[in-house]
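Pasting a structure below so you can have a look.
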There are 2 protein chains.
Amino acid sequence: MVRGDHVRSIAWQIEQYLKAMLERASNGVIEVQRSALSELFNCAPSQINYVLSTRFTLAHGYVVETRRGGGGYVRIVRINLSADERLRRFLKEILDEGINENEAQGFIEFLQEEGILTNRESNLLKNICSDRVLSRAVTNANELRSNILQSVLITILREDV
Amino acid sequence: MVRGDHVRSIAWQIEQYLKAMLERASNGVIEVQRSALSELFNCAPSQINYVLSTRFTLAHGYVVETRRGGGGYVRIVRINLSADERLRRFLKEILDEGINENEAQGFIEFLQEEGILTNRESNLLKNICSDRVLSRAVTNANELRSNILQSVLITILREDV
DNA sequence: TCACCTCTGACCATCTTTGACCTTATTGTA
DNA sequence: TACAATAAGGTCAAAGATGGTCAGAGGTGA
């Protein structure tokens, strides 16, 4: 019942598995088969979609491409921040429409993994952008999160130059 | 009261149990499951919440993070309140009332001068706490600033970061 | 008795997991 | 080529698994 020995969700395990695969992949791209993955983790195939849609979104720094039919696959691409045409699309998409807690967490983690934020900055921002902090005081928390992250990016980009 | 050996409440027992666990934990963090804990002590699950909200508050030097759903947990993080008496005082202060833009700027600068925040962290936070960022989305910006700075202090004082 | 803790149960919120049904691509065959 | 069979993957709503809230009942010391 205590500490690290409690069983995490299957979703979490699949997430870890895929991220480890990505880590090993030299080019930041992996391909898996949904059915094979779901068999490996002994779960429903749609569970894989759940994991993808909650943990491998654009905001988290991933693009997922799939193909149906024979020879079908799920391809997960780690976004490369230096490819700035993608970055612009990415920021626009994320920051224009507001961003929820989960997406913000993912985005901040992504910035950290890219070396743009330190671990401590990442922790600070994740807490600041949590519903626990924001939702108390505000109704449109998603919009506020966008404002905050935009100002963070502006500050950092300014510094980098 | 004089006697130390009268029958203690369940709440007290749970408190001791959790604190003993924290003592054993190397980094001041433990994770438990609410349902498992309540079964262990043979009480209602909400009893756990009672213990957490009366004995593991910020003022007591703890932060509680939880997650619902499958694989859910209750995580208790001890923060290092003894680290700095001034921070402690400030924390108490912002727990009560909101603070305006100027006060926030001043406090952030103070933290920077004390070596508690880096220059970059300070810049990030000053921007985030500005009315330019907050006021557009919110009416009670002062209260929100309090929340934000409070979470900043909590993050910094955590033993596991 | 009063004031203040403690404790519970009914009801709520959130995250996960599954299954039934749908869409699309490839392959084999007439 | 047309078509059927087969082999992927997609969607969505409902069920399952946790934890949260709150009002009120239950204890206990002063």
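Throughout, protein chains are lettered first and strands after them, A, B, ... in sequence-line order, and every chain is numbered starting at 1.
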Roughly how many Å is it from CD1 in A/Ile14 to P in C/dT16, rounded to a whole number?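 Rounded to whole Å, this separation is 11 Å.
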side-chain N/O A/Arg55 vs C/dT16 OP1/OP2, d < 4.0 Å: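 Yes, A/Arg55 has a side-chain N/O under 4.0 Å of OP1/OP2 on C/dT16.
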Earlier contact from the 5' end, DNA chain C, for A/Gly69 and B/Cys43: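 Of the two residues, B/Cys43 wins.
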Ignoring hydrogens and geometry, is there a side-chain-to-backbone donor-acceptor pair from B/Asn80 to B/Arg158 under 3.5 Å?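 Not a single qualifying donor-acceptor pair exists.
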Main-chain N/O of A/Asn49 paired with A/Ser53 side-chain donor or acceptor, under 3.5 Å: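 Yes; at least one donor-acceptor contact below 3.5 Å.
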Rounded to the Å, how far apart are B/Arg8 CZ and D/dG29 P?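 The distance from CZ of B/Arg8 to P of D/dG29 comes to 12 Å, rounded to the nearest Å.
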To the nearest Å, give me how far apart CD (A/Glu39) and P (D/dA8) are.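 It works out to 10 Å between those atoms.
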Per the atom types in the model, does the base of C/dA13 pair as donor or acceptor with the side chain of B/Arg68 at under 3.5 Å?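 Indeed there is one.
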Short side-chain N/O contact from A/Tyr50 to OP1 or OP2 of C/dT16, under 4.0 Å: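 It does, given that an N or O in the side chain of A/Tyr50 lies less than 4.0 Å from OP1 or OP2 of C/dT16.
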Would you say the side-chain atoms of A/Thr155 and B/Asn127 include a donor-acceptor pair closer than 3.5 Å?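 Side chains of A/Thr155 and B/Asn127: pair found under 3.5 Å.
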A/Arg67 side chain N/O closer than 4.0 Å to the phosphate oxygens (OP1, OP2) of C/dT26?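 So the side chain of A/Arg67 is within the cut-off, an N or O lying under 4.0 Å from OP1 or OP2 of C/dT26.
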Supply the atom-to-atom distance A/Leu22 CG to A/Ile76 CD1, rounded to the nearest 0.5 angstrom.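 One finds 6.0 Å between CG of A/Leu22 and CD1 of A/Ile76.
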Between C1' on C/dA13 and CZ on A/Arg132, what's the gap in Å once rounded to a whole number?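 Going from A/Arg132 (CZ) to C/dA13 (C1'), I get 17 Å.
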Nearest whole Å is fine: how far is C/dG19 P from A/Asn49 CG?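 It is 15 Å, rounded to the nearest whole Å.
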So if I take every side-chain heavy atom of A/Thr66 and compare against D/dA8, C/dT26, D/dG10, which nucleotide ends up nearest?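 In terms of side-chain proximity for A/Thr66, the closest of D/dA8, C/dT26, D/dG10 is D/dG10.
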Under 4.0 Å, heavy atoms only, any strand: does B/Ile48 hit a base, just the sugar-phosphate, or nothing?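 The residue B/Ile48 makes no contact with any strand.
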Please determine whether any donor N or O and acceptor N or O are separated by less than 3.5 Å between the side chain of A/Ser46 and the base of D/dG9.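 No pair found.
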Quick one: is C/dT16 close enough that its OP1 or OP2 comes under 4.0 Å of any side-chain N or O from A/Gln47?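 It does not, given that no N or O in the side chain of A/Gln47 lies less than 4.0 Å from OP1 or OP2 of C/dT16.
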Can you measure B/Gln33 atom CD to C/dC15 atom C1' for me and round it to whole angstrom units?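 It works out to 13 Å between those atoms.
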Just wondering, more than 12 heavy atoms not from A/Asn27 lying within 6.0 Å of its CG?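 Yes - once you tally the heavy atoms of other residues, nucleotides and ligands closer than 6.0 Å, there are more than 12.
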Could you work out which one of C/dT18, D/dA8, D/dT21 sits closest to the side chain of A/Ser35?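 Minimum distance to the A/Ser35 side chain belongs to D/dA8.
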C/dT17 C1' sits how many Å from A/Trp12 CH2, rounded?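 To the nearest whole Å, that distance equals 18 Å.
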Round to a whole Å and report the spacing from CG of A/Asn100 to C1' of C/dT14.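 Spelled out: CG on A/Asn100 to C1' on C/dT14 is 13 Å.
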